[in-house]
Amino acid sequence: MSGKLRAGILGGTGMVGQRFISLLENHPWFEVVCIAASPRSAGKTYEEAVGGRWKMDTPMPDSVKNIVVCDVNDIDKVSSQVDFVFSAVDMTKDEIRAIEEAYAKTETPVVSNNSAHRWTPDVPMVVPEINPEHLAIIENQKKRLGTDRGFIVVKPNCSIQSYTPALFALKEFKPTKVIASTYQAISGAGKTFADWPEMMGNIIPYIGGEEEKSEQEPLRIFGRVENGVIVKAQSPVISSQCIRVPVLNGHTATVFMSFEKKPSKDEIIERWTSFKGLPQELNLPSAPKQFISYRDEDDRPQVTMDVDYENGMGVVLGRLREDIIFDYKFVGLSHNTVRGAAGGGVLIAELLKAQGQIQPK
């Protein structure tokens, strides 16, 4: 483990926790040394605790099989073993807020996949290519928490990854109105088809809380730091519908958009395909070389062909065309448990490490 930061996974037995563990296998900067979960898993090896519930396509890494799972509520024990933690716990929002702050107060940085702190005013919610400047409010958060190095950073909802980067890349044209309907994979609910056979051949036109997140979270990401808190943007106005579809991995979005200054189709595609952010400039280990890909074919993007673009860390767009009501419409696709969940969290941690916010204890 020489030279690597010690990472802990809170909620390591669930689907997102498993994805964290699979993505961190052989990571050049981080090594998983502690896994915490519910009291019923505590005291078992990770392999025993997960049992037959390993949901990843790749085998469980040998390096974690014999790690003895800790009780996630034993905060002092867990925090004493790690330099920082990834949080993917399955609790109520109030419980998550409390336990993540408790970990931060042990001087343990928390990179959270959960939604509980996404609207805490001094907790940055970050897509590293879009709003890394929001990390500046960590210093204000530390003052509130009374910490020197402990803090919380969160990643946004998985479904907005398929269209929010596309809108941000066009910010110079000032998007004003957006309709974004998402068609979301069952792994977004932590399920496989073995867990949820009734989803085979089925569509459910409701996912609790998703439409509010889809409409509001991009505005916080597009917002500004002011007096130590994030003030959300007022535009574009976003309306959304969110539908569960019989797909294992990959959230697709159909998007309609209007602009204050209407660009040409060529200008839009050029802005998308040339877009780079700080992760690309820093060449972070998990950063996609090209964040946004545009496909010219009429039948792309497709989940089976495109969901693993850039190892699941990129966004694939297609079907850009003018609309008779809005200015343009397009289709977007992103991997919901990689870029949209654990992979997005790992990229945030890499950026924090590169900026000196996460260091050995």
Side-chain angles (χ1 to χ4, degrees), residues 113 115 118-119 124-135 153-185 188 207 209-224 230 232-242 250-259 268 271-280 287-288 290-294 301 307 309-310 312-318 320 326 328-341 343-345 347-348 351:
N113 184 75
S115 64
R118 287 182 189 157
W119 290 94
M125 179 172 68
V126 175
V127 177
E129 287 90 349
I130 295 178
N131 62 328
E133 70 278 5
H134 287 192
L135 296 174
V153 175
V154 300
K155 55 150 289 298
N157 185 259
C158 54
S159 65
I160 73 168
Q161 313 285 335
S162 53
Y163 60 91
T164 300
L167 296 176
F168 183 78
L170 304 177
K171 64 179 181 177
E172 68 183 277
F173 305 112
K174 299 184 178 179
T176 56
K177 295 180 181 179
V178 174
I179 291 179
S181 295
T182 56
Y183 303 84
Q184 300 189 24
I207 308 171
E210 285 291 298
E211 288 162 1
E212 296 84 353
K213 295 172 186 176
S214 298
E215 294 169 353
Q216 294 300 313
E217 288 188 15
L219 300 179
R220 189 167 198 255
I221 292 168
F222 296 159
R224 66 188 187 279
I230 300 298
K232 78 173 185 177
Q234 295 304 304
S235 63
V237 176
I238 303 172
S239 179
S240 179
Q241 290 198 104
C242 299
H251 288 352
T252 298
T254 57
V255 184
F256 299 75
M257 55 187 178
S258 290
F259 299 89
I268 292 175
R271 298 307 190 276
W272 282 345
T273 57
S274 65
F275 179 74
K276 296 183 184 300
L278 191 55
Q280 286 72 39
Q290 183 174 349
F291 184 22
I292 298 173
S293 172
Y294 182 77
V307 74
Y309 168 69
E310 289 279 14
M313 289 296 289
V315 176
V316 183
L317 309 177
L320 176 66
F326 289 74
Y328 289 97
K329 52 193 172 186
F330 69 91
V331 176
L333 172 67
S334 61
H335 197 305
N336 55 295
T337 67
V338 183
R339 166 57 76 161
L347 188 60
I348 290 171
L351 179 57

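Residues Phe326 and Val178 form no side-chain contact, since every pair of their non-hydrogen atoms from C-beta on lies 4.5 Å or further apart. In this structure, the side chains of Pro301 and Val331 come closer than 4.5 Å at one or more pairs of heavy atoms. Between Arg118 and Lys155 there is a side-chain heavy-atom pair separated by less than 4.5 Å. Side-chain contact between Tyr163 and Thr182 is present, with heavy atoms from C-beta onward closer than 4.5 Å. For the pair Phe168/Ile221, no side-chain contact is recorded, criterion being any heavy-atom separation below 4.5 Å from C-beta on. Met313 has its side chain out of reach of Phe291: every pair of non-hydrogen atoms, C-beta onward, lies at least 4.5 Å apart. Considering only heavy atoms from C-beta on, Arg339 comes within 4.5 Å of Pro288 through its side chain. Side-chain contact between Val127 and Thr164: absent, with no pair of heavy atoms (C-beta onward) separated by less than 4.5 Å.
To the nearest 0.5 angstrom, Leu219 atom CG is 13.0 Å from Ile230 atom CD1. Atom OG of Ser214 and atom NE2 of His251 lie 9.0 Å apart (nearest 0.5 Å). For the atom pair CD of Glu210 and CG of Asn157, the computed distance is 4.5 Å after rounding to the nearest 0.5 Å. Here the CZ atom belonging to Phe222 is positioned 9.5 Å from the NZ atom belonging to Lys171, to the nearest 0.5 angstrom. How far CD1 of Ile292 is from OG of Ser334: 11.0 Å, rounded to the nearest 0.5 Å. Distance check, rounded to the nearest 0.5 Å: OG1 of Thr273 to CD of Gln290 gives 6.0 Å.
For Phe275 against Glu129, the heavy-atom pair with the smallest separation is CZ-O, 3.6 Å. The two atoms that bring Ala287 and Leu347 nearest to each other are N-CD1, 3.7 Å, heavy atoms only. The two atoms that bring Leu351 and Pro128 nearest to each other are CD2-CB, 4.0 Å, heavy atoms only. The two residues Leu135 and Pro124 come nearest to each other via the heavy atoms CD2-CG, 4.1 Å. Among all heavy-atom pairs drawn from Val307 and Leu333, the shortest one is N-CD2, 3.8 Å. The minimum heavy-atom distance linking Ser162 with Val315 is given by the pair O-CG1, 4.1 Å.
Within 6.0 Å of atom NZ in Lys232, more than 12 heavy atoms from other residues, nucleotides or ligands are found, so the atom counts as buried in its surroundings. Around NZ of Lys177, the count of heavy atoms belonging to other residues, nucleotides or ligands within 6.0 Å does not exceed 12. Atom CD of Gln241 has 12 or fewer heavy atoms from other residues, nucleotides or ligands within 6.0 Å.
No donor-acceptor pair closer than 3.5 Å links the side chain of Gln161 to the backbone N or O of Cys158. Listed for the Tyr294 side chain is a donor-acceptor partner under 3.5 Å among the backbone atoms of Leu320. Remark: side-chain polar atoms of Ser239 are not paired, donor with acceptor, to backbone N or O of Ile179 under 3.5 angstrom. With hydrogens and angles disregarded, a donor-acceptor distance shorter than 3.5 Å links the side chain of Trp272 to the backbone of Ala166. For the pair Ser240 (side chain) and Glu215 (backbone), a donor-acceptor distance under 3.5 Å is absent.
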Going through the checks in order, is the side-chain contact (heavy atoms from CB on, under 4.5 Å) test met by Thr254 and Ser181? CA-CA 5 Å; Thr254 57; Ser181 295; 3.6 Å; yes
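A donor and an acceptor atom, one from each side chain of Asn336 and Gln184, are nowhere located under 3.5 Å apart.
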